[in-house]
Amino acid sequence: DGIQAPNAVLTIANSTLADNSGWGLNHSTGSVTVTDSIFWGNMLGGIIATNKTITYTTSQETQPGAGNRTDDPLLVYGYYLSVAGLPGQTATSPAIDAGDAPASSSGLDTRSTRTDGTADGTAPDGNLVNLGYHYAATPLSPATMSNLTLYVDAAMPNNDGDGLTPGTAVKTISAALAKAIDGSTLHIATGVYNTGETYPLSPRAAKLTLRGSPLNATVVRGNSSTRVFDVRGKGSFRIENLRIENGYRTDLGAGLYGAGIVLTITNCSFQNNYVQRPAHYTILYGRAVYLTSCRTVIQDSLFSSNRLYGVNLVGNLYGGALYVSGGSLAMSGTRAIGNYVDCASGGYNYDSYGGCLYATAASLDLSNCVFQANYARNQTSGGGTERSFGGALAINAGSAIVTGCLFTNNASLGYCYGYGGALYANTVNPLRIAGCTQTCNYSSGTLARQGGADYVTGAGNTWLLSSSVHANGVS
């Protein structure tokens, strides 16, 4: 949360709480008074509070009180308010001149919400105070504002360019991220990005878009010794038309680690990312992508040949391609092919979950996806009850809607017990599978093997609608 304030008598005025990984304000007991402020782009919502008085405030959800609004405040260059006609701005923010009193009454008539530094209360703003945080009344420099659009080209000899045009592009994504400001878009030219990169790529600015062109010709290639992307608490993060490969970790998230962000992945591929621990490690998670408390949309993408691999484990493995804890995942038009979780030998009472995806306490919406030849496996026994769950998907708690998906040739290969060749669901409510085809999936185990296609346990409301489940088996 931006602010979590239990047991407080809290007053917030003329402030902006945006792009936080939770609520903008989470207030339980006591009381809170909010006025002339902005709560926007926070992952869970703007304000959650019981005893509250809120007026003349923009929030992500409707709040009772005079002068409150829910329209987009049009934050630019970080958290300035957009003004039509200023550089890079085509519309005027509805938060301008939307407060409850003149700017002078709160001492803000010498400060500004505009990139040109015009003081609040000065024409053409009007007399009323603008909502949100007020900066010093100093114009943003042209150099700072120009970094809203940056260009990267692996064919460049070095990073000496300013990155402002294709002809003066920087060579590395790392250099562009160092120049980026809140809201920047990085245009990444065709090429392989590896030489000179500093991994993991971890943005310092918020609300970034990384846009390659085209997919499979714009390759972000890890160095096979560390994670590729690491993004935590940066508001929104969007990647498009990128191939992300050769990330490596010994614990979790070799391709991308995301925490508390609004993540959008469009037309990307994650291939050959690898999480491995050679011996005696407790738990391994999410080979390609590890997400915790994120709101995620994945569209028209590919997850292929990502590997989660352990030897002589004393714990479990979760999610061959993706691991999702809390938050939500909406995935559409995406293929997951040949991903796996695999414990090669030894271990005791260790389990493998979700050859492609493991989700816990999350809200899932999967549509028009293909899950093919993914598996969860335990190869040998350590003398306990070694089990595998969900050749493609393993879902624990939360909710799941699966529509129009194909599951084929996935397998749950437990040394002792195998559950759900395609899907394993535990205490998922609701679980709705509609318009799907599940074929040639299977589960195996020396002691028990259950659910060639699906194994569902402890579920609440569960539906299988207009689906074909055929030629699945156990062995």
Side-chain angles (χ1 to χ4, degrees), residues 287 303-309 316-324 331 334-344 350-360 364 366 368-381 385-396 400-428 431-459 462-475:
R287 296 176 234 176
F303 293 85
S304 176
S305 302
N306 299 289
R307 308 179 299 282
L308 183 61
Y309 184 79
N316 300 329
L317 302 95
Y318 298 92
L322 298 109
Y323 177 93
V324 180
M331 186 164 71
T334 291
R335 295 173 297 147
I337 302 173
N339 305 284
Y340 62 82
V341 291
D342 192 356
C343 187
Y350 62 91
D351 299 326
S352 296
Y353 291 84
C356 171
L357 165 66
Y358 177 82
T360 181
L364 302 184
L366 313 178
N368 303 312
C369 295
V370 175
F371 300 93
Q372 180 178 352
N374 305 284
Y375 67 83
R377 178 169 69 175
N378 311 116
Q379 294 190 37
T380 62
S381 174
T385 57
E386 291 75 29
R387 304 169 295 179
S388 64
F389 300 87
L393 310 179
I395 309 170
N396 178 61
I401 298 173
V402 186
T403 307
C405 294
L406 170 64
F407 297 82
T408 183
N409 290 297
N410 303 286
S412 176
L413 309 172
Y415 184 84
C416 296
Y417 301 90
Y419 300 94
L423 179 148
Y424 169 82
N426 175 49
T427 61
V428 178
L431 171 62
R432 187 179 189 272
I433 301 171
C436 293
T437 298
Q438 299 179 331
T439 182
C440 299
N441 305 286
Y442 69 97
S443 64
S444 67
T446 57
L447 299 181
R449 69 294 300 166
Q450 298 178 297
D454 301 335
Y455 185 88
V456 179
T457 181
T462 303
W463 293 272
L464 178 67
L465 306 172
S466 303
S467 296
S468 175
V469 182
H470 64 272
N472 303 284
V474 297
S475 65

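- Distance CG/N316 to OG/S388: 11.5 Å, rounded to 0.5 Å.
- With values rounded to the nearest 0.5 angstrom, I433 atom CD1 is found 11.5 Å from I401 atom CD1.
- Remark: side-chain polar atoms of D351 are paired, donor with acceptor, to backbone N or O of R387 under 3.5 angstrom.
- Side-chain contact of S468 with T437: a donor-acceptor pair under 3.5 Å is absent, judged by distance alone.
- Across C436 and G404, no two heavy atoms sit closer than the pair SG-N, 3.7 Å.
- When the side chain to side chain donor-acceptor pair (under 3.5 Å) test is applied to S466, no partner is found at least two apart in sequence or on another chain.
- In the model, S352 has a side-chain atom that pairs as donor or acceptor with a side-chain atom of N378 under 3.5 Å.
- Taking all atoms of both residues into account, the shortest heavy-atom contact from A400 to V428 is N-CG1, 3.8 Å.
- Across all non-hydrogen atoms, the minimal contact from R432 to L465 is NH2-CD1, 3.5 Å.
- A ring-ring contact (aromatic ring centres under 6.0 Å, His included) with F389 is found for one member of Y417, Y424, Y358 and no other, namely Y424.
- Evaluation of the ring pair (Phe, Tyr, Trp, His ring centres under 6.0 Å) rule for F407 yields F371 as partners, not counting sequence neighbours.
- Distance OG/S443 to CG/D454: 10.5 Å, rounded to 0.5 Å.
- The distance from atom OH of Y323 to atom CG of L357, rounded to the nearest 0.5 Å, is 11.0 Å.
- Separating the CG atom in L364 from the CG atom in L393 is a distance of 8.0 Å, to the nearest 0.5 Å.
- When all heavy atoms of N472 and G452 are compared, the pair lying nearest together is CB-C, 3.9 Å.
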Notebook entry, point to check: Given V469 and L464, is the side chain to side chain contact (heavy atoms under 4.5 Å, CB included) satisfied, shown in steps?
Noted result: CA-CA 10 Å; V469 182; L464 178 67; 4.2 Å; yes
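- No side-chain donor-acceptor contact under 3.5 Å links N339 to the backbone of N374.
- Among all heavy-atom pairs drawn from V341 and G320, the shortest one is CG1-N, 3.4 Å.
- A donor-acceptor pair is defined here as one N or O able to donate and one able to accept, closer than 3.5 Å; no such pair exists between the side chain of N410 and the backbone of N441.
- Contacts of A411 classified as side chain to side chain contact (heavy atoms under 4.5 Å, CB included), with partners at least two apart in sequence or in another chain: Y375, L413, Y442.
- Rounding to the nearest 0.5 Å gives a distance of 11.0 Å between CD1 of I337 and OG1 of T334.
- With Y353 as the fixed residue, the ring-ring contact (aromatic ring centres under 6.0 Å, His included) test singles out one of Y455, Y419, Y318: Y318.
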Margin query: Between Q372 and L406, does the side chain to side chain contact (heavy atoms under 4.5 Å, CB included) criterion hold? Intermediate values first, please.
Written below: CA-CA 8 Å; Q372 180 178 352; L406 170 64; 5.9 Å; no
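- At distances below 3.5 Å, not a single donor-acceptor pair connects side-chain atoms of T403 with backbone N or O atoms of A434.
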